[in-house]
Amino acid sequence: RTNALESTYSKFAVELTNATTKEMARKSIKDLYVKLEALYPAKDEFEKKFVEIRYSKKGSRTNLTAKYIVNLLQKYYEEREVEEDDGSIEHILSESSGKEESLNIGNLILLEGSLNKEAETFEFSEKKVVYQKSRYKQVKQFCEDFVEWNEDGIKKRASQCAALVYDSILRRETKEK
């Protein structure tokens with residue numbers, strides 16, 4: 001995909017540079033849009049890959065992606081373009097539980113570092129008390145949305161996050177291709 005993007009942008013830059021009229025420039029921009037649109041996944045394809053994202057303190061091939069998404073969601077909820085550096089990734093179902101779903105993107109939330117340490121490996125009901133001290137809007141929303149936390153909740157939240165990223169953050173149309 002990277003090579004396809006580099007080639008597409010390179011050709012676009014040359015076409016735009018060589019454009020001698022507004023019409024030629026508009027055509028170059030329209031052609032670029034069409035080419036990029038073709039590379040963009042449909043929502044169901046996006047969600048299928050999104051819900052597979054994992055994060056582990058021990059390391060995972062998708063750790064950087066997970067960190068990016070958790071911070072992206074935080075910026076969205078806080079309505080900011082710049083992320084603050086006072087949060088850390090919290091595993092709602094503790095990673096030390098040994099359960100595979102504890103690593104899933106739906107089980108991750110950005111929490112103030114001090115609260116993350118306080119929440120430690122508590123059970124959900126105890127963690128929720130800690131979460132309610134958070135000043136983060138996403139954490140407050142999470143506390144309102146989830147009374148209990150289990151594998152179904154993790155899957156549901158992963159799908160909700162995928163839809164939020166696709167529809168609201170990336171501002172994609174929801175029609176299936």
Side-chain angles (χ1 to χ4, degrees), residues 1-2 4-5 39-78 80 83-177:
R1 221 181 256 273
T2 302
L5 288 175
L39 296 174
Y40 211 92
K43 185 176 180 179
D44 60 338
E45 186 182 335
F46 178 86
E47 183 178 335
K48 183 179 175 187
K49 293 289 188 186
F50 186 97
V51 301
E52 293 175 358
I53 296 170
R54 305 278 185 268
Y55 179 84
S56 172
K57 293 173 187 165
K58 298 173 187 166
S60 168
R61 65 178 180 77
T62 60
N63 271 6
L64 286 176
T65 303
K67 282 182 183 180
Y68 175 77
I69 290 168
V70 168
N71 281 291
L72 186 67
L73 289 167
Q74 178 66 12
K75 289 189 301 187
Y76 172 80
Y77 275 95
E78 297 297 328
R80 272 193 223 136
E83 62 188 70
E84 292 183 16
D85 196 23
D86 65 341
S88 65
I89 294 178
E90 160 71 353
H91 289 82
I92 302 162
L93 170 63
S94 179
E95 182 176 0
S96 65
S97 72
K99 295 182 178 178
E100 180 61 29
E101 61 266 21
S102 72
L103 306 177
N104 185 278
I105 189 75
N107 188 53
L108 306 175
I109 198 162
L110 197 71
L111 191 62
E112 292 93 331
S114 60
L115 294 179
N116 196 340
K117 286 180 184 174
E118 187 178 335
E120 294 186 28
T121 59
F122 291 161
E123 292 298 316
F124 180 67
S125 59
E126 297 169 294
K127 282 188 173 199
K128 197 167 178 183
V129 172
V130 175
Y131 294 171
Q132 289 169 339
K133 298 176 189 177
S134 178
R135 63 181 162 74
Y136 293 166
K137 292 176 186 174
Q138 180 183 14
V139 177
K140 291 180 186 302
Q141 185 66 53
F142 172 81
C143 288
E144 288 177 24
D145 292 347
F146 293 93
V147 177
E148 60 182 9
W149 194 243
N150 54 34
E151 187 176 350
D152 289 339
I154 293 169
K155 288 178 182 176
K156 177 182 176 184
R157 186 163 179 272
S159 292
Q160 288 173 338
C161 289
L164 181 67
V165 169
Y166 195 90
D167 296 335
S168 299
I169 296 174
L170 300 176
R171 292 180 178 87
R172 299 297 303 169
E173 293 179 20
T174 57
K175 67 181 181 185
E176 297 301 317
K177 292 183 181 181

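In this chain, numbering begins with 1 at the start of the sequence shown. The figures here come from the full heavy-atom set of this structure, side chains too, leaving out hydrogens, waters and symmetry mates. No experiment lies behind these values; they were computed from the predicted model shown.
- With rounding to the nearest 0.5 angstrom, the CD1 atom of Ile89 is 9.5 Å from the CG atom of Asn116.
- Scanning for ring-ring contact (aromatic ring centres under 6.0 Å, His included) contacts around Phe46 gives Phe50, Tyr166, with sequence neighbours left out.
- To the nearest 0.5 Å, atom CG of residue Asn63 and atom NZ of residue Lys67 are 6.5 Å apart.
- Here the straight-line distance linking atom OG of Ser94 with atom NZ of Lys127 works out to 5.0 Å at 0.5 Å rounding.
- Annotation for Lys137: atom NZ counts as buried by contact number, over 12 foreign heavy atoms lying within 6.0 Å.
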Please evaluate residues Phe142 and Lys128 with respect to the criterion side chain to side chain contact (heavy atoms under 4.5 Å, CB included), reporting the C-alpha separation (whole Å), side-chain torsions for both, the decisive distance (0.1 Å), and the verdict. CA-CA 9 Å; Phe142 172 81; Lys128 197 167 178 183; over 6 Å; no
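- The minimum heavy-atom distance linking Ser102 with His91 is given by the pair O-CD2, 3.0 Å.
- Using a 4.0 Å cut-off between a side-chain N of Lys or Arg and a carboxylate O of Asp or Glu, Glu151 and Lys99 do not qualify as a salt bridge.
- Contact of the Tyr55 side chain with the Glu95 side chain is not registered, since no non-hydrogen atoms from C-beta on lie closer than 4.5 Å.
- Under a 4.0 Å N-O distance rule, the pair Arg54/Glu100 qualifies as a salt bridge.
- To the nearest 0.5 angstrom, Arg61 atom CZ is 9.5 Å from Ile53 atom CD1.
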Determine all donor-acceptor pairs shorter than 3.5 Å in which one atom belongs to a side chain in residues 156-165; sequence neighbours excluded.
from: Arg157; atom 1: NH1; to: Gly106; atom 2: O; distance (Å): 3.0
from: Arg157; atom 1: NH1; to: Leu108; atom 2: O; distance (Å): 2.6
from: Arg157; atom 1: NH2; to: Leu108; atom 2: O; distance (Å): 3.4
from: Ser159; atom 1: OG; to: Glu47; atom 2: OE2; distance (Å): 2.8
from: Ser159; atom 1: OG; to: Lys155; atom 2: O; distance (Å): 3.4

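- Within a 6.0 Å sphere centred on CZ of Phe122, other residues, nucleotides and ligands contribute more than 12 heavy atoms.
- Partners of Glu101 according to the side-chain hydrogen bond (donor to acceptor under 3.5 Å, both in side chains) rule, which considers only residues two or more places apart in sequence or in another chain, do not exist here.
- Few gaps surround CZ on Phe124; more than 12 heavy atoms of other groups in view lie less than 6.0 Å from it.
- Interatomic distance, CD1 of Ile109 versus CD of Gln138, reported as 4.5 Å (0.5 Å rounding).
- The ring-ring contact (aromatic ring centres under 6.0 Å, His included) search around Tyr131 returns none, not counting sequence neighbours.
- Going from atom CG of Leu72 over to atom CG of Leu110 covers 11.5 Å, rounded to the nearest 0.5 Å.
- Side chain of Lys140 to main chain of Ser134: a donor-acceptor pair is present (N/O by atom type, distance under 3.5 Å, no hydrogens or angles).
- Using a distance-only test at 3.5 Å, with no hydrogens or angles considered, no donor-acceptor pair links the side chain of Asn107 to the main chain of Ile154.
- Not a single donor-acceptor pair under 3.5 Å links the side chain of Lys43 to the backbone N or O of Asp167.
- Partners of Tyr136 under the ring-ring contact (aromatic ring centres under 6.0 Å, His included) rule, at least two apart in sequence or in another chain, do not exist in this structure.
- For Glu123, there are no salt bridge (Lys or Arg N to Asp or Glu O under 4.0 Å) partners, not counting sequence neighbours.
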